[in-house]
Amino acid sequence: QVQLVESGGGLVQAGGSLRLSCTASGRAFSTMGWFRQAQGKSREFVAGMRRSGGSTYYADSVKGRFTISRDNAKNTVYLQMNSLKPEDTAVYYCAGGPNDYNYWGQGTQVTVSS
């Protein structure tokens with residue numbers, strides 16, 4: 001009954017912002033993060049963090065623009081995306097697990113228009 005559900009995707013103009021949310025049900029995860037896959041491209045890591053320590057990790061392409069955070073009480077992870085670029089257009093996937101990314105959400109489409 002483990003399930004991860006993303007929300008918050010949509011269409012936004014370049015320079016705009018979106019906030020993605022992902023809630024994991026069934027169990028708590030020590031590691032949670034975000035990946036994305038653009039059309040015709042391979043999946044890439046976007047951002048991640050662990051439950052303890054407060055460390056966050058970002059792909060170079062999103063540093064300074066995206067912020068990952070989580071609410072452990074709600075078992076929810078967020079991705080605040082600012083200064084969006086057309087290159088950010090992709091399906092964004094939430095992932096989590098006891099240590100690495102064992103479970104995956106179904107994805108939410110983010111489209112950034114020029």
List in chain and number order the residues that pass salt bridge (charged side-chain N to carboxylate O under 4.0 Å, His left out) with Lys74, two or more places apart in sequence or in another chain; answer none if no residue qualifies.
-> none
First locate atom [atom1] of [X], then atom [atom2] of [Y], and finally report the distance between them rounded to the nearest 0.5 Å.
{"X": "Ile68", "Y": "Met32", "atom1": "CD1", "atom2": "CE", "result": "8.0 Å"}
{"X": "Thr56", "Y": "Phe66", "atom1": "OG1", "atom2": "CZ", "result": "14.0 Å"}
{"X": "Met49", "Y": "Ser30", "atom1": "CE", "atom2": "OG", "result": "12.0 Å"}

Test item: side-chain donor near acceptor, Arg50 and Thr31, under 3.5 Å = yes
According to the ring pair (Phe, Tyr, Trp, His ring centres under 6.0 Å) rule, which pairs have a member within residues 12-34, sequence neighbours left out?
-> Phe29-Tyr103
Steps toward side-chain contact (heavy atoms from CB on, under 4.5 Å) verdict (Thr89, Gln39) = CA-CA 8 Å; Thr89 295; Gln39 186 174 355; over 6 Å; no
Residues in ring pair (Phe, Tyr, Trp, His ring centres under 6.0 Å) with Phe35, at least two apart?
-> Phe45, Tyr101, Trp104
Candidate pair Gln37 and Glu44, rule side-chain contact (heavy atoms from CB on, under 4.5 Å), full reasoning | CA-CA 6 Å; Gln37 185 169 12; Glu44 65 175 340; over 6 Å; no
Exercise answer: donor-acceptor pairs, residues 105-113 side-chain atoms, under 3.5 Å, sequence neighbours excluded:
| from | atom 1 | to | atom 2 | distance (Å) |
| --- | --- | --- | --- | --- |
| Thr108 | OG1 | Gly9 | N | 3.4 |
| Gln109 | NE2 | Ala90 | O | 3.4 |
| Gln109 | NE2 | Thr111 | OG1 | 3.3 |

Name all residues meeting the side chain to side chain contact (heavy atoms under 4.5 Å, CB included) criterion together with Ser7; count only those two or more places apart in sequence or in a different chain, and write none if there are none.
-> Ser21
Below 4.5 Å, heavy atoms only, C-beta onward: do Thr23 and Gln3 meet side chain to side chain?
-> no
Using atom types as modelled, flag every donor-acceptor pair under 3.5 Å from a side chain in residues 77-87 to any protein atom, sequence neighbours excluded.
| from | atom 1 | to | atom 2 | distance (Å) |
| --- | --- | --- | --- | --- |
| Gln80 | NE2 | Asn82 | OD1 | 3.0 |
| Asn82 | OD1 | Ser17 | OG | 2.9 |

Assess whether side-chain contact (heavy atoms from CB on, under 4.5 Å) is satisfied between Tyr93 and Leu4, documenting all intermediate values.
-> CA-CA 9 Å; Tyr93 297 91; Leu4 286 77; over 6 Å; no
